[in-house]
2 protein chains.
Amino acid sequence: MKTILNTPIALKLSACIGLSEHELEILGQLLKQSREIRVGQDLVQQGETNQAAFILMSGWVCSYKIQADGTRQIVDFQIPGDFLGVRSVLFHTSDHNIEPITEVEVCEILIPRLLDTFAQHPRLAMALLWALSRDEAMVVEHLVNIGRRNPAERMAHFLLELGARLSLIGAGSKTGFTCPLTQPLLADALGLSAVHVNRVLRQLREVGMATFRDGQVVFDNYDRLVAFADFDSSYLDQAGPLLT
Amino acid sequence: MKTILNTPIALKLSACIGLSEHELEILGQLLKQSREIRVGQDLVQQGETNQAAFILMSGWVCSYKIQADGTRQIVDFQIPGDFLGVRSVLFHTSDHNIEPITEVEVCEILIPRLLDTFAQHPRLAMALLWALSRDEAMVVEHLVNIGRRNPAERMAHFLLELGARLSLIGAGSKTGFTCPLTQPLLADALGLSAVHVNRVLRQLREVGMATFRDGQVVFDNYDRLVAFADFDSSYLDQAGPLLT
DNA sequence: CGATTGCTTGAATCTATTCAAGCACTGTGG
DNA sequence: CCACAGTGCTTGAATAGATTCAAGCAATCG
């Protein structure tokens with residue numbers, strides 16, 4: 001039996017909700033043995049049925065939708081501790097693709113036992129609902145980002161959100177974080193061309209707000225970046241209310 | 001006691017899930033007496049706590065986020081039969097505003113009795129989860145729309161989605177629908193300027209695909225519009241799988 | 001070692017925004 | 001009852017901004 005204490009998912013839920021060790025152990029029992037996925041080997045494909053849900057244990061993946069003309073929109077990047085493919089399970093069929101960015105380790109969630117567990121541990125059910133609501137809040141924020149912020153603000157907001165998420169699982173700080181994303185990936189996430197992503201990154205670097213180079217994001221001036229991007233992290237780390 | 005048979009919410013759920021009349025009656029018992037809201041009187045404000053959730057019985061509203069510089073992004077329009085403010089309840093505090101576009105009638109959902117009901121009628125719980133997943137799928141599609149489609153395709157896709165949603169509740173068809181949205185509202189939803197919305201609408205009209213005039217959307221050539229917008233409605237009317 | 005991918009930069013083009021102005025309609029207060 | 005302000009729709013002209021095209025460089029991988 002695996003323990004999930006001291007894993008990213010435990011860190012995340014503890015930071016936001018404060019589940020007991022016992023409850024975390026129960027959650028751990030819903031996880032099948034972990035599986036490794038290599039780059040180039042997709043987890044979920046658009047249109048697939050009978051899909052499983054996962055928790056990401058290590059590595060980064062991205063969820064995206066692809067269009068007829070070949071362009072794609074990355075909906076979100078998932079980092080350790082995040083759920084994968086929950087909507088695909090509810091919908092029975094996946095409306096998006098999930099692709100690993102780095103080597104990845106996932107645990108499959110045992111759906112059949114989920115409902116029983118929820119009956120016995122309602123706080124866990126609420127924790128799941130809270131986590132899903134948080135995911136939706138991130139998509140909404142992403143929408144605002146693309147719809148109403150200019151490219152530089154958009155990039156700044158994106159880097160800050162990622163930094164805040166990584167901080168919760170101990171993989172980032174107000175100084176910066178290690179980041180495996182490429183400029184083409186950023187372009188597909190932010191609705192820009194890869195060339196323009198490059199220019200925007202240079203811009204942020206030249207004004208001394210943030211530097212992204214060699215797989216490292218450095219916040220050169222965190223407070224100024226927050227002000228510039230109009231960033232408010234409360235949707236990321238706010239405790240759920242029905243859990244008090 | 002109100003009945004919710006023959007209301008938009010019943011039409012929507014019946015089209016997609018097939019709840020029994022009995023189950024719909026149970027759902028109806030979760031609804032407090034309906035309330036009317038005038039234009040200019042907001043339902044939910046960003047940052048408010050202890051918010052309630054509603055079902056929209058008649059009229060249109062929009063959910064939006066507002067930024068420091070005054071620009072806003074409309075996340076979605078809600079039409080009769082849609083849920084309002086569910087995420088605000090789960091998060092205890094609202095991260096967005098909800099504003100009526102027309103005169104509106106809402107029913108408040110009695111949250112305390114919700115959990116009991118779910119224990120006795122698990123199909124209803126799944127129906128709610130399905131509806132919430134559908135909402136999230138719409139936000140994701142909206143994201144793709146703004147991120148990776150040009151303004152004309154964006155408008156076309158938006159009108160088609162709205163038409164499909166309205167068809168489910170008997171308020172639209174492949175011919176068109178009545179639509180209370182103004183060009184400034186469309187601009188805030190699609191991430192464009194109001195001026196450009198006007199030009200894009202003219203463009204769609206001139207090539208004979210769709211006409212939006214005097215509060216009426218007319219699909220002049222439905223099939224061509226669908227091809228142009230790369231529109232696939234399966235995320236809107238697909239039956240949930242766990243409900244078979 | 002050739003092929004692929006990502007990063008970087010410049011120049012030309014295209015596209016959406018902004019600014020400006022006129023028109024129609026609605027509701028308000030003198 | 002009418003003048004006026006506010007809002008939405010429409011169009012043209014100027015501007016700002018992102019994309020596309022093109023090219024060179026570095027690193028990685030078969």
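Quick note on labels: first sequence line is chain A, next is B, and so on, each numbered from 1. What you see is a predicted model, and the numbers here were worked out from it, not measured in a lab.
Contact check on Asp82(B) versus Arg165(B) returns a salt bridge, with a Lys/Arg side-chain nitrogen under 4.0 Å from an Asp/Glu carboxylate oxygen. Between Glu141(A) and Arg149(A), at least one side-chain N (NZ, or NE/NH1/NH2) sits under 4.0 Å from a carboxylate O, which counts as a salt bridge.
Atoms CZ and CD1, from Arg148(B) and Ile146(A) in turn, are 8.0 Å apart once rounded to the nearest 0.5 Å.
For Thr182(B), the listed nucleotide lying nearest its side chain is dG8(D); candidates were dT11(D), dT17(C), dG8(D). Comparing dA20(C), dA18(D), dG6(C) against the side chain of Pro184(A) picks out dG6(C) as the nearest. With distances taken from any side-chain atom of Leu192(A) to the nucleotides dT19(D), dT17(C), dT10(D), the minimum falls on dT19(D).
With a 6.0 Å radius and a threshold of 12 heavy atoms from other residues, nucleotides or ligands, Asn6(B) has its CG atom at or below the threshold.
Spacing between atom CG of Asn150(A) and atom C1' of dT18(C) amounts to 15 Å, rounded to whole angstrom units.
Here the rule is side-chain hydrogen bond (donor to acceptor under 3.5 Å, both in side chains) with Tyr64(A), and of Glu99(A), His96(A), Gln73(A) only Glu99(A) fits it. Tested against Tyr235(A), the residues Glu161(A), Arg134(A), Glu136(A) include a single side-chain hydrogen bond (donor to acceptor under 3.5 Å, both in side chains) partner, Glu161(A).
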Using atom names, set out every protein N or O paired with an N or O of nucleotides 23-30 of chain D below 3.5 Å, distance rounded to 0.1 Å.
none

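Donor-acceptor pairing under 3.5 Å, judged by distance alone, is present between the side chain of Arg199(B) and the base of dT18(C).
Helix-axis bend for the helix from dC1(C)-dG30(D) to dG30(C)-dC1(D): the local axis fitted to the five terminal pairs at one end deviates from that at the other end by 30°, rounded to 10°.
Within the structure, a side-chain polar atom (N or O) of Arg213(B) is placed less than 4.0 Å from OP1 or OP2 of dT10(D).
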